[in-house]
2 protein chains.
Amino acid sequence: MAIAVRRPQRADARRNFDALLAAARDAFAENGTEASLEDIARRAGVGIGTLYRNFPTRQDLFEAVYVDEVDQLAAVAAAVADLPPWEALTTWLDRFVDYVGTKRALVEALNRDSEMFRACRATMYEAGEPLFERAKDAGEVRADASFDDMLRMVSGVTSGAFVDTAQRDRVLGFALSGLKKG
Amino acid sequence: MAIAVRRPQRADARRNFDALLAAARDAFAENGTEASLEDIARRAGVGIGTLYRNFPTRQDLFEAVYVDEVDQLAAVAAAVADLPPWEALTTWLDRFVDYVGTKRALVEALNRDSEMFRACRATMYEAGEPLFERAKDAGEVRADASFDDMLRMVSGVTSGAFVDTAQRDRVLGFALSGLKKG
DNA sequence: ACATTAGCGGAGGGGTGCCTCCGGTACGCA
DNA sequence: TGCGTACCGGAGGCACCCCTCCGCTAATGT
């Protein structure tokens, strides 16, 4: 998957570029997709003009952040490949949840449409779907559920509000057990 | 449960009050809690000043709308009381979902804190929890789940994004089946 | 060391939203 | 019908955000 915005050549420019990306990641995590661009520039210690030069549209910035997140998620999938089917799947989902919990921008993006998002979604599916299919083949997952169903279920439950983490995990457990065969 | 803001006396004032409430309901449904107050006044065909006179804070307006919604939900609970336990529960939840689907403000409110919200939550629990406990007593629902768990699970799943209604219902079905005994 | 030029950053114009304030309107009562 | 007043509505001040433009700064390469 090709990065859409390529890092600038000059050292100072590269520094700014990276600072913006980091600031944007934080801001999107805190405030969702609607985070203020001026605030992001401020956090990055950079002029608003610099932000716009590197990322002409909000979409561009968001995509740049999003690519990173998806890549990390794909990496986790590879790391759990040798666990038993159901464990591998839930372990990956645990990571997915931890990950997504603080980054609701990612969830909001699940339904965006653009070249880039389709590519990212493809990457995520390539990473996670084999885990899902393996669990299904092992007879651990009901046959009428799809990977997409599961992802949406998990991100739905996760993005809701809970009294504490324990409740969230418990509820997520209930929901997942509804996905198991039987 | 006492209504916080009482309807004005004069006929024109009462008209405006009701128009504002209706406009606010729509606006909150469309845009969530963040809906623009000026837009609400505009929809109601009323000056912004009138809005502020009736509802000094956004919270006041929101609460006034919220009270209505909760009352309607409570009414539905009474209507399903004579179905078999599990059916009664899921029927109520179906209504809850339909209801909440177009009114995300209500979901956002699940975690708010204020005199009024506590009261509303109490009302909703009084309405729905008996259905839940009945299903549990009938051995249809796992013992380690609470009504609160269920509500949050359902509203989480529901508030997520889905390809179509069919997927949403399917996924909701999976999640609910995870709540069943076994 | 210095010229070139990529890159910087913030002022500023336009838009929207929040909330207050007060001159004017029209409702309800006699 | 006419009066007093409850109520109206929007202008206006402030804050924030988006995005563009351009004079200035400093990284780079020779």
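Order of the sequence lines fixes the chain letters, A, B, ..., with proteins taken first and strands second; residue numbering starts at 1 for each chain.
Atom CG of A/Leu20 and atom C1' of C/dG7 are 13 Å apart (whole Å). For the pair B/Asn31 CG and C/dC18 P, the interatomic distance rounds to 11 Å; values are reported in whole Å. Rounded to whole Å, the distance from CD1 on A/Ile40 to C1' on D/dC18 is 13 Å. When rounded to the nearest whole Å, the span between CG of A/Asp60 and P of D/dC19 equals 11 Å. Computed from coordinates, the A/Arg14 CZ to D/dA26 C1' distance equals 15 Å when rounded to whole Å. Atom-to-atom, CG of B/Leu61 to P of C/dC19 comes out at 11 Å; the value is rounded to the nearest Å. One can place CG of A/Leu51 at 11 Å from C1' of D/dC18, the figure rounded to the nearest angstrom. Nucleotide C/dT4 holds its C1' atom 17 Å from the CD atom of A/Gln9, rounded to whole Å.
OP1 and OP2 of D/dC7 both lie 4.0 Å or more from every side-chain N or O belonging to B/Asn16.
Residues A/Arg168 and A/Asp164 are not paired through a salt bridge, judged by the lack of any N-O separation under 4.0 Å between the basic side chain and the carboxylate. Taking 4.0 Å as the cut-off between side-chain N and carboxylate O, B/Glu38 and B/Arg43 do not count as a salt-bridged pair.
Across all strands shown, B/Ser36 has heavy atoms under 4.0 Å from sugar-phosphate atoms exclusively, and none from any base. Using a 4.0 Å heavy-atom criterion, one finds that B/Ile48 contacts the bases of the nucleic acid, with or without backbone contacts as well. Within 4.0 Å of A/Arg58, counting heavy atoms only, lie sugar-phosphate atoms of the nucleic acid but no base atom. Contacts of A/Asp39 with the nucleic acid, taken as non-hydrogen atoms under 4.0 Å apart, are absent.
Minimum atom distance to the side chain of B/Ala11 is reached by C/dC27, of the listed D/dC8, C/dC27, C/dC18. Considering only the side chain of A/Arg53, C/dG9 comes nearest among C/dC18, C/dG9, D/dT28. Set against C/dG9, C/dC27, C/dC18, the side chain of B/Leu37 has C/dC18 as its closest nucleotide. Comparing D/dC8, D/dG9, D/dC17 by their nearest atom to the side chain of A/Arg42 picks out D/dC17.
Comparing B/Arg15 and A/Gly45 by the nucleotide of DNA chain C that holds the closest heavy atom to each, the one mapping nearer the 5' end is A/Gly45.
Looking at A/Glu38, its side chain comes within 3.5 Å of the base of D/dC19 through a donor and an acceptor atom. Taking 3.5 Å as the limit, the base of D/dA6 and the side chain of B/Arg10 contain a donor-acceptor pair of atoms between them.
Remark: of the listed residues B/Arg10, B/Arg14, B/Arg15, B/Arg10 is the sole one forming a salt bridge (Lys or Arg N to Asp or Glu O under 4.0 Å) with B/Asp12.
Closest heavy-atom contact between B/Ala64 and B/Phe55: CB-CE2, 3.8 Å. When all heavy atoms are compared, the tightest approach of B/Ala145 to B/Lys136 is O-NZ, 2.8 Å.
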